[in-house]
Number of protein chains: 2
Amino acid sequence: MSRRPSPTRDRGIPEATVARLPLYLRALTGLAERGIATVSSEDLAAAAGVNSAKLRKDLSHLGSYGTRGVGYEVEYLVYQISRELGLTQDWAVAIVGVGNLGRALANYGGFVSRGFRVAALLDADPEVVGDTIAGLNVVHIDELETVIKRRGVSIVVLATPAQAAQAVCDRVVNAGVTSILNFAPVVLSVPESVEVRKVDLSIELQILAFHEQRKADRESGGPLMAVENQ
Amino acid sequence: MSRRPSPTRDRGIPEATVARLPLYLRALTGLAERGIATVSSEDLAAAAGVNSAKLRKDLSHLGSYGTRGVGYEVEYLVYQISRELGLTQDWAVAIVGVGNLGRALANYGGFVSRGFRVAALLDADPEVVGDTIAGLNVVHIDELETVIKRRGVSIVVLATPAQAAQAVCDRVVNAGVTSILNFAPVVLSVPESVEVRKVDLSIELQILAFHEQRKADRESGGPLMAVENQ
DNA sequence: ATATGTGAACAGGTTCACAGCG
DNA sequence: CGCTGTGAACCTGTTCACATAT
């Protein structure tokens, strides 16, 4: 319950900051490829699509990796952020559910960028078990626990149909996995020691529709002042 | 710059609330299918994976749709949330980029649930132009502006390679589209009147890796108290 | 001289706890 | 009496503006 202050440095990096570190890392990688060795918070922030104050505050949580009057050394910062995100080791990822989406994920190149490796594909459908997708053999879901243990899988991507997701999730958690990326449109229940991130296409669309509608409302009703509604 | 207070009701629904409305809607749909007519904030919150105080506060932003001592009428609430999200009309969506991911999205059923209709598929590759995917003919990207206008597309899903994304985005914005769902791993620059939502698989994985690593750190270094690190 | 790192002010979101309505 | 709706307290995250280091 108490958040012991580390003797060396506060390891409690704000969640909002963690969510932006990958953005900075990508921007830095782009700069490095263009041969840029040093960058100011202003320029890096622009490349990552945030403002510079936020960037500096974010980086300050990792440590003091810039030089006043100069900026940040690109290579060095890439390393520090990679290390903080845990990308200096690589993580074995299993994809469960090899339908259209699972297949797309397996083939998605940038997905397996630095730090991640698709170590297994699993599915319940005997029709696809045995197929080779992205150079990997599709294994039957019965093998789930075995595969997770044998291949050292620590992150599972769920791309199953909605009805199957919770059951698969339970098995995955039971097998000791504590990080799940869920594409199925359901709210998974898991112990709180397990981290679930959710990607939900229809939710994103609905949020867009809300804003789109608001714009339409403004155009027609705004200037004239709305009259009805109850 | 000023946020004129509406005479009838405050239309300024917090962004965080908007992002959860689709969750409530899905939970309510599930309840309706199971024939449940009335639900308490406690139960609905549980089904949506949030706490009940948050749910009540969220719903209070839409209006007073519950009955004290009783709960919420499921059908009625479904309608109110649908209306608020703009799902009572349906939105024409175009998917640009019909690679693995675009194909998966086109075929994804739940994607086209209530309120959305895939109205066009576009790609630059002459190899796939003319193909039929999910019952739709793939059109060449040259037709982008024409298709958007002719089919009344108001939401565009970008599933192009990273290098192409900004250029396509510019054309889409120029054609008058103000809502974009971006799957390409780039920061798009758009006028601020345009709403962009981003889905980025590798960012999600990196966030999971961060937490996964922290757990590992704790197990080994935590109880023994870390010693090195600078 | 210049750009970082950060305290302080601010804004937005969450949780608490209870008044108020059915 | 039960459950909603909401002010108030709290917490997290963002922005400002400048002291500080090179």
Side-chain angles (χ1 to χ4, degrees), chain A residues 1-3 5 8-21 23-24 27-28 31 36-74 76-77 80-81 84 192 207, chain B residues 1-3 5 9-21 23-24 27-28 31 36-74 76-77 80-81 84 192 207 210-211 230:
Chain A
M1 210 140 272
S2 71
R3 193 167 293 273
T8 46
R9 181 193 301 144
D10 187 10
R11 251 38 181 74
I13 298 178
E15 194 54 37
T17 295
V18 172
R20 280 187 296 266
L21 290 180
L23 236 51
Y24 303 152
L28 286 165
L31 294 173
I36 295 168
T38 278
V39 67
S40 68
S41 65
E42 199 68 48
D43 292 353
L44 179 53
V50 303
N51 70 52
S52 64
K54 195 185 284 185
L55 172 78
R56 289 199 303 278
K57 177 81 69 173
D58 282 342
L59 293 184
S60 78
H61 288 115
L62 315 191
S64 218
Y65 294 143
T67 309
R68 292 171 196 236
V70 179
Y72 301 88
E73 210 220 311
V74 174
Y76 184 56
L77 198 49
Q80 292 299 345
I81 295 179
E84 198 65 57
E192 64 171 328
I207 296 170
Chain B
M1 210 139 274
S2 71
R3 194 167 292 273
R9 181 194 301 145
D10 188 10
R11 248 45 179 69
I13 297 177
E15 195 53 38
T17 296
V18 172
R20 280 187 297 266
L21 291 179
L23 237 50
Y24 304 152
L28 286 164
L31 294 173
I36 295 167
T38 279
V39 68
S40 68
S41 66
E42 198 68 48
D43 292 352
L44 179 52
V50 303
N51 70 51
S52 64
K54 196 185 284 185
L55 172 77
R56 288 199 303 278
K57 179 78 83 176
D58 283 342
L59 293 184
S60 78
H61 288 116
L62 315 191
S64 217
Y65 295 142
T67 309
R68 293 171 195 235
V70 180
Y72 301 88
E73 209 221 312
V74 174
Y76 184 56
L77 198 49
Q80 291 300 344
I81 295 178
E84 198 64 59
E192 65 170 327
I207 296 170
F210 171 83
H211 292 293
Q230 274 303 335

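Please read these numbers as outputs of a predicted model, since none were measured by experiment. Note on naming: letters A, B, ... go to the chains in the order of the sequence lines (proteins, then strands), and numbering restarts at 1 for each one.
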Can you tell me how far apart [atom1] ([X]) and [atom2] ([Y]) are? Round to the nearest 0.5 Å.
X: B/Arg20; Y: B/Leu59; atom1: CZ; atom2: CG; value: 10.0 Å
X: A/Ile207; Y: B/Glu15; atom1: CD1; atom2: CD; value: 7.0 Å
X: A/Leu44; Y: A/Ile36; atom1: CG; atom2: CD1; value: 10.5 Å
X: A/His61; Y: A/Glu84; atom1: NE2; atom2: CD; value: 11.5 Å
X: A/Ile81; Y: A/Tyr24; atom1: CD1; atom2: OH; value: 8.5 Å
X: B/Ser40; Y: B/Arg56; atom1: OG; atom2: CZ; value: 9.5 Å

Between [atom2] of [N] and [atom1] of [X], the distance in whole Å:
X: A/Arg20; N: D/dT15; atom1: CZ; atom2: C1'; value: 12 Å
X: A/His61; N: C/dG7; atom1: NE2; atom2: P; value: 10 Å
X: B/Leu21; N: C/dG13; atom1: CG; atom2: P; value: 13 Å
X: A/Leu62; N: C/dG5; atom1: CG; atom2: P; value: 10 Å
X: B/Tyr24; N: D/dT4; atom1: OH; atom2: P; value: 13 Å
X: B/Glu15; N: C/dG13; atom1: CD; atom2: C1'; value: 12 Å
X: B/Leu77; N: D/dT4; atom1: CG; atom2: P; value: 11 Å
X: A/Glu73; N: C/dT4; atom1: CD; atom2: P; value: 14 Å

Is the phosphate of D/dT22, meaning OP1 or OP2, less than 4.0 Å from a side-chain N or O of A/Thr67? no
Less than 4.0 angstrom between a side-chain N/O of B/Tyr72 and OP1 or OP2 of D/dG5, yes or no?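 Checking D/dG5 against B/Tyr72, a side-chain N or O does come within under 4.0 Å of OP1 or OP2.
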Relative to the 5' end of DNA chain D, which residue comes earlier, A/Gly69 or A/Asp58, by the nucleotide with the nearest heavy atom?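 Looking at the nearest nucleotide for each, A/Asp58 comes out on the 5' side.
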May I ask you to check whether over 12 heavy atoms, not counting those of B/Glu42, lie within 6.0 Å of atom CD?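 No, because the 6.0 Å sphere around CD of B/Glu42 holds 12 heavy atoms or fewer from other groups.
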Does the base of D/dT22 carry an N or O that pairs as donor and acceptor with the side chain of A/Arg68 under 3.5 Å?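 Donor-acceptor pair under 3.5 Å: no.
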Contact list please: residues 38-57 of chain A against DNA chain C, heavy atoms, distance less than 4.0 Å, in numerical order. A/Ser40, A/Ser41, A/Arg56, A/Lys57
